[in-house]
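Just so you know, these numbers use all the heavy atoms, side chains as well, and skip hydrogens, waters and symmetry mates.
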Amino acid sequence: KTLGDEMVKALEEATTEESEAIANFESLVAAKQKELSSLQQQIEERMERIGTIGVEVAETGEDLENTKETLAEDQKFQAELAEGCKTKEAEWEEVKKARAEETVALAETIKVLNDDDALEIFKKALPA
């Protein structure tokens, strides 16, 4: 009896230990699966973020190229404007000089016309 009882008791203990080990294993598997799921989600989020950042980098590169092209065009336009301004300034100086000469000529003409000699010439030219 004792040997049979010991074997039954040993079987029960082994079965209990095995049941506990199976429960622990299943708990561990469930925890690892949950951890795996969490890690897979993190990987997917990071891959998505990497893709988004890649798109942003490409767009930023295109923006940079567009900005460089616009800058070059603006600098060319600025140079053209500067050249145009120089031309207009030179033209304006010529106009001012011509106006000054015309003003001097008009002043001299008025002076001549207001002179007493001019008055006598007008009196002779016009019959009274």
For this session: Report the C-alpha separation of K96 and E93 in whole Å, then their side-chain angles, then the decisive distance to 0.1 Å, and conclude whether the salt bridge (Lys or Arg N to Asp or Glu O under 4.0 Å) test is met.
Result: CA-CA 5 Å; K96 286 185 354 186; E93 290 300 320; 3.4 Å; yes
Exercise. So, do E69 and N66 sit near enough that their side-chain heavy atoms are less than 4.5 Å apart?
Worked result: yes
Exercise. For K32, what residues pass the side-chain contact (heavy atoms from CB on, under 4.5 Å) criterion, not counting sequence neighbours?
Worked result: L28, E35
Problem set entry | T15 side-chain N/O to L11 backbone N/O, donor-acceptor pair under 3.5 Å | yes
Seminar exercise, completed: side-chain contact (heavy atoms from CB on, under 4.5 Å) filter on F25, not counting sequence neighbours, yields V29
Exercise. Side chains of E91 and T87: does their closest heavy-atom pair fall under 4.5 Å?
Worked result: yes
For this session: Hey, could you give me the CD/CD distance between E6 and E13, rounded to the nearest 0.5 Å?
Result: 10.5 Å
Problem set entry | Side-chain (T60) to main-chain (E56) donor-acceptor, under 3.5 angstrom | yes
Exercise. Between R99, E94, E101, which is the residue that forms a side-chain contact (heavy atoms from CB on, under 4.5 Å) with K97?
Worked result: E101
Seminar exercise, completed: Value for OG1 (T70) from NZ (K68), rounded to nearest 0.5 Å, stands at 12.5 Å
Problem set entry | Atom CD of Q78: over 12 foreign heavy atoms under 6.0 Å | no
Problem set entry | Gap separating the CZ atom of R49 from the CZ atom of R46, nearest 0.5 angstrom | 8.5 Å
Problem set entry | Whether T67 side chain and D63 backbone form a donor-acceptor pair below 3.5 Å | yes
Problem set entry | Spatial distance of atom CG (L113) from atom CG (L106) [nearest 0.5 Å] | 10.5 Å
